[in-house]
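Below: one structure, written as structure tokens.
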Amino acid sequence: MSKTSIIMDVDTGVDDAFAVLFAAMHPDINLLGITCVDGNTNVDQVVANTFKVLDAAGAGDIPVARGAVRPLLGKSQYAEYVHGKDGMCDLGIAPSHRTVDPRSAVELLRDLIESSVDPVTIVPIAPLTNIALFLGAFPETAKKIHRIVLMGGSASAGNATAAAEFNVWHDPEAAAIVFQSGVPISMYGLDVFMRPTIDREEATTMSKSAKPSSQFAGSLALGFMEQVKTDPVSLGDYGALALVIHPELFTTEMFDVVVDTSAGPARGQTIVDRRGAWLKQLEPLDLEDSAKVRVALDLDVDAVVKLWLKTVNS
Ligand code: BDR
Ligand code: CA
């Protein structure tokens, strides 16, 4: 099987760490680079955290670029209550010696897509600010994106607010730009996001492993359990990568989706039109603002968890 070429966009973040670890270690993924964005924490902390994850993965020299420092409109709203002050549960993990790429996130995206001989899949697991800026800055290169498989949105309830999922809520204008871009989009949203999990027993075993990747992931999962007072905890963002390389483990459906950018209580909601054809034709969703999006609705939880464990413990 040929490798899938991927660029990740992250706001590392505990579950981003689970995802980056997986992408850097899975033999079928060619991780071309990583762009960092303001989201769970500030972008400099995101870069520092991402480097620590790459160290734990034993990854080679994967370029990591600094991106947007705030959403397109409005202020940053960090998720310290979920990920801790440093975004990775304040475990005091030693800093990395890696250095940030001199290019900005949008420049790195441009260069990696232009130079790739294989189709490139973008996997944003963070607010979509970098991706929206890239689409506007380099529209010709953007046409070469194979597809975007993102963690964000929900076809049901929200988490940041009753209506909105954090990544879309943090920068709804950016999300609207990305959804309406015409690039094929798959959405790994809250309908599936919480279901693949790791429990205390598994995390404890991993934390005692001699293998740096297992040790790192296990300790982080245990730190996360303390932080959010839950056991088990979700592998979160990682699932978007499973959707890229193992779509047969998922049930997905195409829907019309609109991102709510209004100032009201639904700001940042992804309105997913799940009505049947007959009702839809009576009162269609605003076609100018809507996008056809492939939405993940169900998954083989056991297989998705096993895939992560096998890769990170390998
Ligand atoms: C998303 O928000 C962030 O806190 C997580 O890293 C994930 O990307 C879930 O809503
Ligand atoms: Ca994230």
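Only this structure's heavy atoms are used, side chains among them; waters, hydrogens and symmetry mates stay out. Each ligand, and each atom within it, is numbered from 1 in the order the structure gives.
Under the 6.0 Å distance and 45° angle rule, Arg110 counts as a cation-pi partner of Phe138.
The nearest protein atom to atom 10 (O) of ligand 1, hydrogens excluded, is given as Glu165 OE2, 2.4 Å; this is a heavy-atom distance. Among all non-hydrogen protein atoms, the one lying nearest atom 7 (C) of ligand 1 is Asp237 OD1, 3.1 Å.
Ligand 1 does not have His170 within reach: every non-hydrogen atom of the residue lies 4.0 Å or more from it. Ligand 1 is never approached by Val82 to a heavy-atom distance shorter than 4.0 Å.
In this structure, Ala142 and Val183 approach most closely via the heavy-atom pair O-CG2, 4.3 Å. When all heavy atoms of Ala217 and Val312 are compared, the closest pair comes out as CB-CG1, 3.9 Å. Considering all non-hydrogen atoms of both residues, Ala155 and Val295 come closest at CB-CG1, 4.4 Å.
Only the side chain of Asp16 comes within 4.0 Å of ligand 1, judged by heavy-atom distances. Counting heavy atoms closer than 4.0 Å to ligand 1, residue Asn40 contributes side-chain atoms (C-beta onward) but none from N, CA, C or O.
Of all protein N/O/S atoms, those under 3.0 Å from the Ca ion (ligand 2) are Asp11 OD1, Asp16 OD1, Asp16 OD2, Ile125 O, Asp237 OD2, and waters are not counted.
In this structure, Thr41 and Asp86 have side chains that are not in contact, with every pair of non-hydrogen atoms separated by 4.5 Å or more. Inter-residue side-chain proximity for Asp300 and His246 is flagged as unmet; no heavy-atom pair is nearer than 4.5 Å. Taking the side chain as every heavy atom from C-beta outward, Val53 and Leu21 approach each other to under 4.5 Å. Taking the side chain as every heavy atom from C-beta outward, Ser209 and Asn313 never approach each other to under 4.5 Å.
Contact atoms of ligand 1 toward Phe166: 2 (O), 3 (C), 10 (O) (distance under 4.0 Å to a heavy atom of the residue). Heavy-atom contacts of Met151 reach the following atoms of ligand 1: 1 (C), 7 (C), 8 (O), 9 (C) (cutoff under 4.0 Å).
Considering both main-chain and side-chain atoms, Ile125 comes within under 3.5 Å of ligand 1 through a nitrogen or oxygen pair.
Taking hydrophobic clusters as Ile, Leu, Val, Met, Phe, Trp and Tyr residues chained together by side-chain heavy-atom distances below 4.5 Å, Val244 shares a cluster with Ile62.
Within the 3.5 Å criterion, the main-chain N or O of Arg200 finds a donor-acceptor partner in the side chain of Asp231. Not a single donor-acceptor pair under 3.5 Å links the side chain of Asn30 to the backbone N or O of Lys3.
Of the candidates Val10, Asn159, Asp15, the one placing a heavy atom closest to atom 6 (O) of ligand 1 is Asp15.
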